[in-house]
Amino acid sequence: MQQIDNLQSALDVFRRLVAANPAIGREIGFRRGLSYRVFGLGRLPYLVWSFYEVARPSGPVRLAMLMHEKQDRERFDPDAFE
């Protein structure tokens, strides 16, 4: 149960950070005005993949996926999330 609580807490931190700055994390792709980004959850072995419209930095940030850092995502395809 502690692992679930830790993950929830890390996601809450991510939500607050991304609300203040949608460009948080590392950009992994840019297409059609959308910036696709990945953000590590601190000491937890998870990555949050998100995207937002650069022309609307106050607009919504979409969560694309949450993955364990050992999962293979070398061939990121932004088209999968549009």
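Values below: all heavy atoms of this structure, side chains included; hydrogens, waters and symmetry mates excluded. Model, not experiment: these values are computed from the prediction.
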| query | According to a 4.5 Å side-chain heavy-atom criterion applied to Ile, Leu, Val, Met, Phe, Trp and Tyr, with indirect links allowed, do Leu17 and Val54 form part of one hydrophobic cluster? | reply | yes

| request: Check whether any side-chain heavy atom of Ile4 sits under 4.5 Å from a side-chain heavy atom of Met1, and report yes or no. | output: yes

| request: Measure up the Phe14 and Phe39 rings against each other and bin them: parallel (under 30°), tilted (30 to 60°), perpendicular (over 60°). | output: tilted

| query | Mind checking whether Leu63 and Met65 sit in one hydrophobic cluster, side chains of I, L, V, M, F, W, Y counted as touching below 4.5 Å? | reply | no

| message | If I take atom CG from residue Leu47 and atom CD from residue Gln71, how far apart are they, to the nearest 0.5 angstrom? | response | 9.0 Å

| query | Looking at Tyr52 and Ala23, what are the two nearest heavy atoms and their distance? | reply | OH-CB, 3.5 Å

| Rounded to the nearest 0.5 Å, what separation is found between the OG atom of Ser50 and the CZ atom of Arg15? | 14.0 Å

| said: Within the 4.5 Å heavy-atom criterion, are Val18 and Val48 side-chain neighbours or not? | reply: no

| request: Would you name the heavy atoms of Arg37 and Gly25 that are closest together and state the gap between them? | output: NH2-O, 3.0 Å

| request: Please report the shortest heavy-atom distance between Pro22 and Pro57, naming the atom on each side. | output: CG-O, 3.2 Å

| message | Just verifying a value: how many Å separate Arg31 CZ and Leu34 CG, rounded to the nearest 0.5 Å? | response | 10.0 Å

| said: Within this structure, what is the CD-OH distance for the pair Glu69 and Tyr46, rounded to the nearest 0.5 Å? | reply: 9.5 Å

| query | Ignoring hydrogens and geometry, is there a side-chain-to-backbone donor-acceptor pair from Arg62 to Phe51 under 3.5 Å? | reply | no

| Nearest heavy-atom neighbours spanning Leu44 and Asn6 | CD1-O, 3.5 Å

| said: What verdict does the side-chain contact (heavy atoms from CB on, under 4.5 Å) test give for Val61 and Ile24, after you've listed the backbone C-alpha separation in whole Å, the side-chain angles of each residue and the deciding distance to 0.1 Å? | reply: CA-CA 11 Å; Val61 175; Ile24 193 169; over 6 Å; no

